[in-house]
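Working notes, structure below.
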Amino acid sequence: MGKKLFMVISALLATANCCFASGLTFQIIQHNDSLNEVCESAMVIEDEMLNYFFNSGYIVTNAPASVSSSIEMDDKLWKVAVNEAAGGSADVFVQVHLYFNENAGESSKVSLGLIDKISWKAQAIKSGRILEESSMKVKKPIGIDTEQNVRLFAGQFASHLKEVLKKK
(Lines give C-alpha, C1' and ligand atoms only; values in the text may rest on other atoms or scores of the structure.)
Protein backbone atom coordinates (compact mmCIF):
# COMPACT_ATOMS: atom_id res chain seq x y z
CA MET A 1 0.00 0.00 0.00
CA GLY A 2 2.88 2.39 0.77
CA LYS A 3 4.34 2.20 -2.77
CA LYS A 4 0.96 2.86 -4.40
CA LEU A 5 0.29 5.87 -2.19
CA PHE A 6 3.78 7.22 -2.91
CA MET A 7 3.24 6.83 -6.68
CA VAL A 8 -0.16 8.57 -6.55
CA ILE A 9 1.23 11.48 -4.53
CA SER A 10 4.22 11.78 -6.88
CA ALA A 11 1.94 11.84 -9.92
CA LEU A 12 -0.28 14.51 -8.34
CA LEU A 13 2.73 16.69 -7.49
CA ALA A 14 4.11 16.37 -11.02
CA THR A 15 0.72 17.31 -12.48
CA ALA A 16 0.29 20.24 -10.09
CA ASN A 17 3.72 21.55 -11.06
CA CYS A 18 2.65 21.69 -14.73
CA CYS A 19 -0.48 23.66 -13.83
CA PHE A 20 1.61 26.62 -12.68
CA ALA A 21 3.81 26.97 -15.77
CA SER A 22 3.90 30.41 -17.34
CA GLY A 23 2.68 30.84 -20.88
CA LEU A 24 4.84 32.77 -23.32
CA THR A 25 4.12 33.70 -26.92
CA PHE A 26 6.71 35.42 -29.07
CA GLN A 27 7.08 36.59 -32.63
CA ILE A 28 10.10 37.29 -34.82
CA ILE A 29 9.82 40.28 -37.15
CA GLN A 30 12.48 40.61 -39.83
CA HIS A 31 13.52 43.98 -41.22
CA ASN A 32 15.45 44.27 -44.49
CA ASP A 33 14.32 45.82 -47.76
CA SER A 34 16.07 43.20 -49.87
CA LEU A 35 14.43 40.19 -48.17
CA ASN A 36 10.83 39.36 -49.04
CA GLU A 37 10.71 36.13 -47.03
CA VAL A 38 11.85 35.24 -43.54
CA CYS A 39 15.46 34.10 -43.86
CA GLU A 40 17.14 31.08 -42.31
CA SER A 41 19.03 33.12 -39.67
CA ALA A 42 15.70 34.42 -38.30
CA MET A 43 14.25 30.90 -38.32
CA VAL A 44 17.26 29.57 -36.38
CA ILE A 45 16.78 32.29 -33.74
CA GLU A 46 13.08 31.42 -33.51
CA ASP A 47 13.89 27.72 -33.15
CA GLU A 48 16.49 28.33 -30.46
CA MET A 49 14.13 30.55 -28.46
CA LEU A 50 11.34 27.97 -28.65
CA ASN A 51 13.69 25.26 -27.41
CA TYR A 52 15.17 27.43 -24.66
CA PHE A 53 11.84 28.44 -23.13
CA PHE A 54 10.32 24.98 -23.52
CA ASN A 55 13.33 23.43 -21.76
CA SER A 56 12.99 26.10 -19.04
CA GLY A 57 9.46 24.91 -18.24
CA TYR A 58 7.41 27.52 -20.08
CA ILE A 59 4.36 26.79 -22.13
CA VAL A 60 5.72 28.46 -25.24
CA THR A 61 4.11 29.25 -28.57
CA ASN A 62 5.06 31.53 -31.37
CA ALA A 63 3.17 33.72 -33.76
CA PRO A 64 4.38 33.27 -37.35
CA ALA A 65 7.67 34.98 -38.14
CA SER A 66 7.04 37.86 -40.52
CA VAL A 67 8.77 40.39 -42.71
CA SER A 68 8.01 44.06 -42.10
CA SER A 69 9.03 47.17 -43.98
CA SER A 70 7.26 49.86 -41.96
CA ILE A 71 6.20 50.99 -38.50
CA GLU A 72 2.57 50.60 -39.60
CA MET A 73 3.18 46.94 -40.48
CA ASP A 74 4.97 46.45 -37.14
CA ASP A 75 1.95 47.86 -35.30
CA LYS A 76 -0.46 45.67 -37.24
CA LEU A 77 1.61 42.54 -36.54
CA TRP A 78 1.82 43.51 -32.85
CA LYS A 79 -1.96 43.90 -32.47
CA VAL A 80 -2.76 40.63 -34.22
CA ALA A 81 -0.16 38.64 -32.27
CA VAL A 82 -1.10 40.12 -28.86
CA ASN A 83 -4.75 39.23 -29.49
CA GLU A 84 -3.77 35.69 -30.47
CA ALA A 85 -1.56 35.39 -27.37
CA ALA A 86 -4.43 36.56 -25.15
CA GLY A 87 -6.80 34.10 -26.84
CA GLY A 88 -4.27 31.33 -26.26
CA SER A 89 -4.04 32.12 -22.52
CA ALA A 90 -0.43 33.30 -22.69
CA ASP A 91 0.85 35.34 -19.76
CA VAL A 92 3.43 37.29 -21.77
CA PHE A 93 3.91 38.31 -25.39
CA VAL A 94 7.33 39.23 -26.76
CA GLN A 95 7.91 40.68 -30.20
CA VAL A 96 11.51 40.51 -31.43
CA HIS A 97 12.70 42.66 -34.33
CA LEU A 98 15.79 41.57 -36.25
CA TYR A 99 17.40 44.22 -38.43
CA PHE A 100 19.46 42.64 -41.19
CA ASN A 101 22.16 44.45 -43.14
CA GLU A 102 22.26 44.87 -46.94
CA ASN A 103 24.36 41.72 -47.40
CA ALA A 104 21.56 39.53 -46.06
CA GLY A 105 19.81 39.49 -49.42
CA GLU A 106 22.92 38.16 -51.14
CA SER A 107 23.60 35.31 -48.72
CA SER A 108 21.56 32.20 -48.04
CA LYS A 109 23.95 31.19 -45.27
CA VAL A 110 22.93 31.26 -41.59
CA SER A 111 25.15 33.94 -40.12
CA LEU A 112 25.13 36.25 -37.12
CA GLY A 113 27.16 38.76 -39.15
CA LEU A 114 24.07 39.49 -41.27
CA ILE A 115 22.18 40.97 -38.30
CA ASP A 116 23.01 44.55 -37.30
CA LYS A 117 20.54 45.14 -34.48
CA ILE A 118 17.87 43.46 -32.40
CA SER A 119 15.02 45.12 -30.54
CA TRP A 120 12.25 43.66 -28.44
CA LYS A 121 9.14 44.49 -26.48
CA ALA A 122 7.70 42.23 -23.77
CA GLN A 123 4.19 42.79 -22.46
CA ALA A 124 2.21 41.12 -19.68
CA ILE A 125 -1.07 40.09 -21.33
CA LYS A 126 -3.50 40.50 -18.42
CA SER A 127 -2.29 43.86 -17.14
CA GLY A 128 -1.01 45.24 -20.44
CA ARG A 129 2.13 46.37 -18.61
CA ILE A 130 5.29 46.62 -20.70
CA LEU A 131 7.89 44.45 -18.96
CA GLU A 132 10.77 45.60 -21.13
CA GLU A 133 11.32 47.47 -24.36
CA SER A 134 14.89 47.72 -25.53
CA SER A 135 17.38 47.18 -28.33
CA MET A 136 21.04 46.44 -28.86
CA LYS A 137 23.58 46.18 -31.63
CA VAL A 138 24.64 42.66 -32.49
CA LYS A 139 28.35 42.06 -32.01
CA LYS A 140 29.93 40.48 -35.04
CA PRO A 141 31.68 37.18 -34.36
CA ILE A 142 35.43 36.95 -34.66
CA GLY A 143 36.55 34.17 -36.97
CA ILE A 144 34.28 31.84 -38.89
CA ASP A 145 30.62 32.83 -38.68
CA THR A 146 28.45 29.72 -38.38
CA GLU A 147 24.94 28.68 -37.44
CA GLN A 148 26.33 27.87 -34.00
CA ASN A 149 27.07 31.60 -33.49
CA VAL A 150 23.43 32.39 -34.26
CA ARG A 151 22.22 29.70 -31.85
CA LEU A 152 24.55 30.91 -29.10
CA PHE A 153 23.36 34.49 -29.55
CA ALA A 154 19.69 33.40 -29.50
CA GLY A 155 20.27 31.34 -26.34
CA GLN A 156 21.90 34.29 -24.58
CA PHE A 157 19.07 36.57 -25.66
CA ALA A 158 16.46 34.07 -24.45
CA SER A 159 18.30 33.83 -21.13
CA HIS A 160 18.06 37.62 -20.79
CA LEU A 161 14.33 37.50 -21.52
CA LYS A 162 13.87 34.76 -18.95
CA GLU A 163 15.41 37.05 -16.29
CA VAL A 164 13.02 39.84 -17.34
CA LEU A 165 10.06 37.46 -17.03
CA LYS A 166 11.13 36.35 -13.56
CA LYS A 167 10.83 39.95 -12.36
CA LYS A 168 7.28 40.41 -13.65
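Only a predicted model underlies this, so the values are computations on that prediction, with no experimental measurement involved. Below, each value reflects all heavy atoms present in this structure, side chains not excepted, and no hydrogens, waters or symmetry copies.
Looking at heavy atoms from C-beta onward, Arg151 lies in side-chain contact with Asp47 at the 4.5 angstrom threshold. In this structure, the side chains of Val96 and Ile45 stay at 4.5 Å or more apart for every pair of heavy atoms. Lys162 is listed as a side-chain neighbour of Tyr58, based on a closest heavy-atom distance under 4.5 Å. Between Leu161 and Tyr52 there is no side-chain heavy-atom pair separated by less than 4.5 Å. At least one side-chain heavy atom of His160 sits less than 4.5 Å from a side-chain heavy atom of Glu132. When side chains are defined from C-beta on, Thr61 does not count as touching Glu84, because their heavy atoms never get closer than 4.5 Å.
The shortest heavy-atom contact between Asp116 and Phe100 is OD2-C, 4.2 Å. The shortest heavy-atom contact between Phe53 and Ala158 is CZ-O, 3.5 Å. Closest non-hydrogen pair, Ile29 versus Ser68, comes out as CG2-CB, 3.6 Å. Contact record, Phe26 with Glu46: CZ-O, 3.6 Å, taken as the closest heavy-atom pair. Smallest separation of non-hydrogen atoms from Val67 and Glu37: CG2-C, 3.5 Å. Nearest heavy atom pair, residue Ala42 against residue Ile28, reads CB-CG2, 4.1 Å.
Judged by distance alone, the side chain of Asn55 and the main-chain N or O of Asn51 form a donor-acceptor pair under 3.5 Å. Not one N or O on the side chain of Asn149 forms a donor-acceptor pair closer than 3.5 Å with the backbone of Leu112.
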Steps toward side chain to side chain contact (heavy atoms under 4.5 Å, CB included) verdict (Phe93, Gln27): CA-CA 8 Å; Phe93 173 68; Gln27 181 178 40; 4.0 Å; yes

Test side chain to side chain contact (heavy atoms under 4.5 Å, CB included) applied to Leu152 and Gln156, step by step: CA-CA 6 Å; Leu152 180 62; Gln156 291 169 344; 3.9 Å; yes

Side chain to side chain contact (heavy atoms under 4.5 Å, CB included) between Leu98 and Ile118, worked out: CA-CA 5 Å; Leu98 300 173; Ile118 181 172; 3.8 Å; yes

From CA spacing to verdict: side chain to side chain contact (heavy atoms under 4.5 Å, CB included), Asn101, Leu114: CA-CA 6 Å; Asn101 59 42; Leu114 299 174; 4.1 Å; yes

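Asn62 CG to Leu50 CG: the interatomic distance, rounded to the nearest 0.5 Å, is 4.5 Å. Distance check: Arg129 CZ to Gln123 CD gives 10.5 Å after rounding to the nearest 0.5 Å. In this structure, the separation between CG on Leu35 and OG on Ser69 is 12.0 Å, given to the nearest 0.5 Å. With rounding to the nearest 0.5 Å, the separation of OG in Ser111 from CG in Asp145 is 3.0 Å. The CD atom of Gln30 sits 9.5 Å away from the CG atom of Asn36 when rounded to the nearest 0.5 Å. Expressed to the nearest 0.5 Å, how far CG of Asn32 lies from SG of Cys39 amounts to 8.0 Å.
When hydrophobic clusters are built by joining Ile, Leu, Val, Met, Phe, Trp and Tyr residues whose side-chain heavy atoms come closer than 4.5 Å, directly or via intermediates, Val94 is not grouped with Val80. Linking Ile, Leu, Val, Met, Phe, Trp and Tyr residues whenever their side-chain heavy atoms come within less than 4.5 Å leaves Trp120 and Val38 in two separate clusters. Under the 4.5 Å side-chain heavy-atom criterion for ILVMFWY residues, no single connected hydrophobic cluster contains both Val138 and Met43. Taken together through direct or relayed side-chain contacts under 4.5 Å among Ile, Leu, Val, Met, Phe, Trp and Tyr, Ile125 and Trp78 form part of one hydrophobic cluster.
The environment of Asp75 atom CG is dense: over 12 non-hydrogen atoms of other residues, nucleotides or ligands sit within 6.0 angstrom. Heavy atoms from other residues, nucleotides or ligands lying under 6.0 Å from NZ of Lys140 number more than 12. For Ile130, the CD1 atom sits in a packed shell: over 12 heavy atoms of surrounding residues, nucleotides or ligands are nearer than 6.0 Å.
Taking the six-membered ring for Trp and thresholds of 30 and 60 degrees, His31 and Tyr99 have nearly parallel ring planes, at less than 30 degrees apart.
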